[in-house]
Amino acid sequence: MARRRRLEPAASWVEITTTPADWKAADPALLATMLGELHLIRAFEERVLDLAGEGLVHGPAHSSIGQEGGAVGSIVGLRSTDGINGSHRGHHQFLAKAITHVSRGRLDLEHLVTPDLQTVLQRTLAEILGLAQGYCRGRGGSMHLQWFEAGALGTNAIVGGGVPLAAGNAWAQKHSGTTDVTVTYFGDGATNIGSVLESMNLAAAWKLPVAFFIENNLYAVSTHVSEVTAESRLSARGLGFGIPSYRVDGMNPLAVHLAMVEAEQRMRAGDGPVVIEAEVYRYFHQNGPYPGSAFGYRTKAEEAEWRERDPLTRMAAELTRLGLVADEQVEAVRTQAIAAVDAATSELLEADPEKEGRRRIRPELWPDPAFVDVGVRGDLSALAGRRSLEPLADTRARDEVKYVDAVAGVMERRMAEDPRIVVLGEDVHRLKGGTNGATKGLSSAYPERVLGTPISENAFAGLGGGMALDGRFRPVVEFMYPDFLWVAADQVFNQIGKARHMFGGDNPVPLVLRTKVAMGSGYGSQHLMDPAGVFATSAGWRIVAPSTAEDYVGLMNAALALDDPVLVIEHVDLYNEKDTVIAGDLDYVIPPGTAAIRREGTEVTVISYLSMVRHSLEAIEQTGIDAELIDLRWLDRASIDWETIEASVKKTNAVLIVEQGARGTSYGGWLADEIQRRLFDWLDQPVQRVTGSESSPSISRVLERAAIARTEEVVVGLEAVRANAGGA
């Protein structure tokens with residue numbers, strides 16, 4: 001019979017409860033502060049539900065009533081420089097961090113609300129109502145609350161979406177030489193989300209000072225936790241990653257605080273992450289002012305049982321037992337909290353002159369509609385003072401290089417000058433420069449700044465996003481193939497791409513995402529896409545697509561200087577091509593709005609990028625058509641060089657857009673629409689396009705070739721333009 005030996009997890013797993021001795025030993029000022037914060041948050045949340053009932057909250061109102069103990073207990077002892085982020089149900093977390101920040105962690109129960117604290121309440125309520133004075137200028141609303149000064153990094157409407165960003169913030173804290181920590185809050189539903197588990201693994205492997213704080217309120221909308229997992233003690237998730245884990249009664253703020261103090265000691269000492277599971281209960285439904293029993297998925301008896309464990313009641317009872325407060329003082333605290341919320345409300349609302357007995361938001365407080373697109377990207381001021389250069393006009397001597405060596409060379413140059421640049425991705429630190437040599441020499445020169453990641457695109461893309469939002473580093477994230485962006489689509493599009501705009505338009509997001517188009521390499525349907533079309537229709541991203549080594553230098557330098565996320569697309573066909581760079585100059589930039597005319601002509605404007613520029617030149621020579629060839633360089637809506645395109649179209653009166661990839665994710669589709677909208681009066685025929693087929697490339701050499709465009713397809717496109725011109 002086989003021998004059996006019981007295995008123990010590498011990390012500890014404990015449950016923390018309090019005794020009367022713990023309450024007696026606690027700092028009375030700490031307990032008083034927790035009582036004050038609990039009442040301020042409760043009064044605030046009750047008002048939000050009231051306003052939602054009046055129809056004054058546009059969108060959801062995810063109440064945290066009942067869950068305040070977990071937020072207050074875990075945040076009251078944090079520094080302002082410690083970071084937190086949270087979920088769609090995050091008012092209590094945001095308020096606890098903001099109140100702790102302005103009060104420096106101490107509230108006077110006799111004079112609960114200072115002017116600074118009153119401002120916090122008013123600006124938070126204004127944000128939830130969508131008003132200009134809110135912390136995110138009304139764009140964040142109830143689910144996206146951010147105040148960097150207080151260490152509130154941003155709540156998040158995507159379940160588990162903020163967790164990878166928190167890991168990035170923790171990486172920045174650790175590598176900036178601080179002992180600060182980050183706490184990321186999420187619910188029971190998020191513990192089954194891949195990005196959360198990926199981030200736990202990455203944080204443990206890299207010993208990041210991040211606490212994964214699970215608010216287990218038992219229900220994801222109406223589905224009980226026992227229905228979706230066989231291990232409903234959710235702190236067990238940490239054990240699989242070697243993370244010390246705690247389980248605590250979240251209705252007991254002191255128990256939560258004691259668990260967080262112990263967790264903080266570990267994180268601040270450099271020992272890595274922790275998991276804290278706080279058992280809490282939301283007293284209302286997922287959204288709005290009704291209890292869950294009204295919808296049939298909870299019983300009134302269950303709700304009553306949890307109501308008896310109310311953290312406000314528990315805190316008041318313990319302080320009264322210790323003789324620290326009397327019942328009338330507790331009532332005075334609540335009265336002050338309600339009065340402060342009343343005052344905040346009165347600044348934002350007025351009587352509705354058209355509806356007797358009703359209130360409305362003061363009209364002058366709404367954001368200006370002209371603000372709608374401000375801050376989707378930055379204003380390019382980051383390039384001020386940078387030396388711009390057009391390689392085509394530069395007559396200096398050239399050095400012969402392989403294209404891929406220019407890729408690695410300019411990155412090494414920038415890393416030598418800017419210690420903020422960090423490169424991360426799968427295998428970037430091995431194989432003498434990653435899988436293609438694009439990071440050659442970087443890991444030996446900068447071993448602490450070239451990070452080989454797990455195969456966890458959601459985690460490391462989001463970690464890069466958190467680093468960028470922190471502002472102390474400039475992450476360069478590599479996706480080995482662009483198709484992998486679908487694995488990390490939430491972090492790429494919902495988080496990184498939207499962050500600046502969503503949180504008010506001011507936040508720099510200095511992140512570069514490198515990837516390569518590999519059509520023709522035989523890697524099949526899940527490795528060979530061109531991502532340009534997908535990113536061009538996703539707000540927030542800038543896109544560069546260099547066709548020459550000299551362009552790569554200038555475009556990468558610009559990407560690394562901007563305060564926006566920039567997608568840098570490369571092509572494997574170019575990597576081993578013999579090319580040139582300007583001798584001794586790897587420091588210039590090619591700014592947005594500067595396309596290159598690779599060939600002048602009068603019959604048709606051909607617009608392309610990446611390797612298809614070369615194929616277009618070949619096709620033009622083969623057909624003998626006098627075409628003007630524009631190499632876009634910058635592809636995103638905000639950066640495209642319309643001046644060059646318009647001048648060319650007005651000369652040729654015809655356009656052929658050339659790209660290699662599939663029709664479905666085509667970049668040229670939106671570009672053709674925009675050209676026809678802008679330049680219809682100068683077009684003698686519809687905009688023509690060369691693309692690949694509808695399908696993605698297959699493994700078969702023959703079918704792969706049939707699925708993509710190259711010189712032959714451009715020839716056909718040019719001949720079609722000429723035929724249409726002849727018919728006209």
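Residues take their numbers from the sequence shown, with the count starting at 1. Heavy-atom basis, side chains included; hydrogens, waters and symmetry copies ignored.
- A salt bridge is defined here as a Lys NZ or Arg NE, NH1 or NH2 lying under 4.0 Å from an Asp or Glu carboxylate O, and E674 with R677 meets this definition.
- By the side-chain contact (heavy atoms from CB on, under 4.5 Å) test, S698 pairs with L703, sequence neighbours left out.
- E628 and T652 share no donor-acceptor pair across their side chains, judged by distance under 3.5 Å alone.
- Taking the six-membered ring for Trp and thresholds of 30 and 60 degrees, Y481 and F484 have ring planes more than 60 degrees apart, a perpendicular arrangement.
- There is a side-chain donor-acceptor pair under 3.5 Å between T184 and N85.
- Aromatic ring pairs are classed by plane angle as parallel below 30°, tilted from 30° to 60° and perpendicular above 60°; the pair Y135 and W147 is tilted.
- Remark: the H571 side chain and the Q660 side chain contain an N/O donor-acceptor pair separated by less than 3.5 Å.
- Cation-pi geometry between R449 and F473 is not met: the NZ or CZ atom fails to fall both under 6.0 Å from the ring centre and inside 45° of the normal.
- Ring centroids of Y667 and Y609 are separated by less than 6.0 Å, placing the two rings close together.
- Look at R633 and E390 and you find a salt bridge, because one of the NZ, NE, NH1 or NH2 atoms lies within 4.0 Å of a carboxylate O, short of that distance.
- Applying the side chain to side chain donor-acceptor pair (under 3.5 Å) rule to Q676 yields no partners; only residues at least two apart in sequence or on another chain are considered.
- Side-chain atoms of K516 and M480, non-hydrogen and from C-beta on, do get closer than 4.5 Å to each other.
- Partner of F535 under the ring-ring contact (aromatic ring centres under 6.0 Å, His included) criterion, chosen from F493, W670, F479: F493.
- Checking T182 against Q173 by side-chain atom types alone, a donor-acceptor pair falls below 3.5 Å.
- S666 places a side-chain N or O within 3.5 Å of a backbone atom of G669 that can act as its donor or acceptor partner.
- Annotation: side chain of W206 is in contact with side chain of T453 (closest heavy-atom distance under 4.5 Å).
- A salt bridge links D551 to R598: one of the charged nitrogens lies within less than 4.0 Å of a carboxylate oxygen.
- Between R678 and E646, at least one side-chain nitrogen of the basic residue sits less than 4.0 Å from a carboxylate oxygen of the acidic one, meeting the salt-bridge criterion.
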- side chain to side chain contact (heavy atoms under 4.5 Å, CB included) between E426 and T435, intermediate numbers included: CA-CA 9 Å; E426 296 156 3; T435 54; over 6 Å; no
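- Between R377 and D563, no side-chain nitrogen of the basic residue sits less than 4.0 Å from a carboxylate oxygen of the acidic one, so the salt-bridge criterion is not met.
- Take R514 and apply the salt bridge (Lys or Arg N to Asp or Glu O under 4.0 Å) test, not counting sequence neighbours, and it matches E478, E570.
- Remark: side-chain polar atoms of R474 are not paired, donor with acceptor, to backbone N or O of V512 under 3.5 angstrom.
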